[in-house]
Amino acid sequence: MAGSRENWGSRIGIILAVAGSAVGLGNFLRFPTQVVANGGGAFMIPYFIAFLFLGIPIAFAEWTLGRYGGQYGRGSAPGVFYVVSRSSWAKYLGIFGLFVPLVINFYYLIIESWCLAYSGFSLLGWLNNITNPSDMKDVLLEFQGINPTRQLGSIPWSLIFFLVAFLINYWIVSRGIVAGIERLNKICMPLLLVLAIFLTVRVLSLGTPNPSLPDQNVVNGLGFLWNPDFSKLANVDVWIAAAGQIFFTLSVGMGAILAYSSYLKKNDDVAHSALSSSATNELAEVVLGGSIIIPAAFIFLGAVGAQEVAQSGSFNLGFVTMPLIFNKLPLSPLIGFSWFFLLFLAGLTSSVSLIQPILTFLQDELNLTRQKATLLVGGVTLAVALGVKTTLALGTLDELDFWGGTFLPVVSGLVMIWIFGWVFGARQGLEELNRGSLIKIPKIFEYIIKYVTPIYLLIMLVLWARKNIPMITMSAITDPKVWWATLYTRAGMILLGVALLIAIYFAGKHYGNIKKLDDETDPS
């Protein structure tokens, strides 16, 4: 390997880093939309069931496998799966732990740069005079390069802010685990929570801003979000949406936690860290994320308007509706800046975690230095992301999000829980999980991990596929330009997958060294 592997500088550092990986745009944009669109408070029932039987078990598995693999100098999914199984075939299953975060990172950086740009636009008051949704939508479409109306002038703000966000991300990861990622999260996570609390308090303090509409108040706004429509529980789509949200929000099964936890020391507490980071994410999502957007929309737009907001999509919700609502408040530039800078910080702490798995693979398995690995991944990301930016109107971002951010993370999670529960062994896995832990995870999780979680995942995956696969076939696309863009995007993803499999093959030629290290210093 190129140089010695790092260790996290502190326990709080790793907890904040993994929480930062999980706390992202989905907490403040996607979650409220999912709740309202899927029965309000009734959605929270399958949500917390999925959290208990999917999110937590896979988090336990990923933290434990990562720490175990790190003891052998391996922190990427291919290397860890080989260490655990001692079988050459297992390393190829690790492709999901490289492919998924890399594909998500290609487009996540673009959305993150939008948040950074809009925080600046808000602070400068550029959005203050816009009073209707169509004009605000035009600004967004112009910024995205879809509809150049020149309301923002001739300066290519979107490209400028994308390059700034790109450079920030890759400068941070180039500095390493402690000086880069850990330091970032120690600064950004507390600041993120402060901004979220500030916005939550501001929304909850609105009371009844319009006396002529007394029903549009904070209490009814929260009720609109949380009152259950139990009839929705009979709809399998609600259960699928809840499971998808848990994967999306906790970032489990994607390889990021695996890479992060591989830099732990042998007896560092993974059980407590997994629970702490998951709890931090749930605080940000359920308590804070659920108390900003929809209550504010209900207060100013009413029940029908809030419902329309939730159904309009996360981008319209965050970049069109929310600025219009903030314009109705005193100090709107400050409020708008707080909102978009909050989203940028959430995106930044998540995007660096998406870069780390492929860096770990290149360092551990192909002996690249961190600087060379960063330049290689950064160059590929820059080329692909710029291509996605210029084809937004053709749906390339949505295509990458479907495969990288929706479907394949569930497949990756299924592979990871199977490796942990059946190849590594649920009993041995639980013993490894509890080693060095201040709290002991009960034995019941051995059976949950081995049986309940994989069966739950298989059922959700089959039901989800039955609904969605027919809609994403090439024959379902009627626009010729979109058809070709989709074909090129899928072909590009296939080529990426083949390239990763080839890299895993060559990396596997060095895996005999792992056995020798195991024989000499078996950490189990």
Side-chain angles (χ1 to χ4, degrees), residues 1-7 17-18 21 62-63 65-85 87-106 108 169-170 172-177 180-181 251 253-264 351-381 384 404 408-409 411-413 415-416 419 493 495-514 517:
M1 288 179 289
S4 59
R5 298 183 97 249
E6 288 187 84
N7 290 120
V18 176
S21 173
E62 196 163 358
W63 274 88
L65 289 173
R67 185 185 65 175
Y68 187 83
Q71 296 163 43
Y72 295 86
R74 262 65 194 180
S76 66
V80 172
F81 289 177
Y82 179 82
V83 165
V84 168
S85 68
S87 299
S88 60
W89 58 265
K91 66 180 181 286
Y92 293 108
L93 293 177
I95 186 176
F96 295 109
L98 303 179
F99 183 88
V100 169
L102 193 55
V103 168
I104 296 175
N105 185 56
F106 288 154
Y108 203 88
N169 274 266
Y170 280 89
I172 290 168
V173 296
S174 72
R175 291 176 58 80
I177 294 296
I181 295 174
S251 298
M254 298 183 186
I257 296 174
L258 196 75
Y260 274 7
S261 57
S262 74
Y263 296 98
L264 290 168
S351 58
V352 295
S353 75
L354 296 170
I355 302 169
Q356 186 57 45
I358 188 65
L359 295 183
T360 298
F361 173 77
L362 294 173
Q363 289 181 268
D364 290 349
E365 314 299 351
L366 298 179
N367 297 329
L368 268 66
T369 64
R370 190 168 189 91
Q371 287 69 33
K372 290 181 179 179
T374 301
L375 287 172
L376 175 60
V377 177
V380 173
T381 299
V384 175
L408 289 179
V411 177
S412 182
V415 170
M416 191 167 296
I419 290 285
M493 286 191 284
L495 288 176
L496 175 64
V498 171
L500 290 174
L501 287 173
I502 293 172
I504 292 170
Y505 169 77
F506 283 106
K509 292 187 173 183
H510 305 290
Y511 283 172
N513 295 331
I514 297 177
L517 179 61

Inter-residue atom distance [X].[atom1] - [Y].[atom2], 0.5 Å rounding:
X      : Y      : atom1 : atom2 : answer
Ser412 : Glu62  : OG    : CD    : 7.5 Å
Ile177 : Thr360 : CD1   : OG1   : 6.0 Å
Ile358 : Leu500 : CD1   : CG    : 5.5 Å
Glu365 : Tyr82  : CD    : OH    : 11.0 Å
Phe361 : Ile504 : CZ    : CD1   : 5.5 Å

Shortest non-hydrogen contact between [X] and [Y], atoms and distance:
X     : Y      : result
Ala17 : Ile181 : CB-CG2, 4.3 Å
Ser76 : Pro357 : CB-O, 4.2 Å
Gly79 : Arg74  : CA-CG, 3.6 Å
Pro78 : Gly94  : CD-O, 3.6 Å

Which of Ile355, Thr381, Thr374 passes side chain to side chain contact (heavy atoms under 4.5 Å, CB included) with Asn169? It is Ile355

Using side-chain heavy atoms (C-beta onward) and a distance below 4.5 Å, is [X] in contact with [Y]?
X      : Y      : answer
Ile257 : Trp63  : yes
Phe81  : Val415 : yes
Val380 : Phe106 : yes

Donor-acceptor list for residues 95-105 side chains, cut-off 3.5 Å, not counting sequence neighbours:
{"unit_1": "Asn105", "atom_1": "ND2", "unit_2": "Tyr170", "atom_2": "OH", "d": "3.2"}

Taken in chain and number order and not counting sequence neighbours, the residues that satisfy side chain to side chain contact (heavy atoms under 4.5 Å, CB included) with Ser87 are Ser85, Trp89

task = Output yes when a side-chain donor or acceptor of Gln356 lies under 3.5 Å from a complementary backbone atom of Val352, and no otherwise.
result = no

* Asked: Does the side chain to side chain contact (heavy atoms under 4.5 Å, CB included) test come out yes or no for Leu501 and Tyr92, once each step is laid out?
  -> CA-CA 7 Å; Leu501 287 173; Tyr92 293 108; 3.9 Å; yes

| task | List the steps and the verdict of side-chain hydrogen bond (donor to acceptor under 3.5 Å, both in side chains) for Ser21 and Ser353. | result | CA-CA 6 Å; Ser21 173; Ser353 75; 2.9 Å; yes

With Gln363 as partner, the option from Lys372, Glu6, Arg370 fulfilling side-chain hydrogen bond (donor to acceptor under 3.5 Å, both in side chains) is Arg370

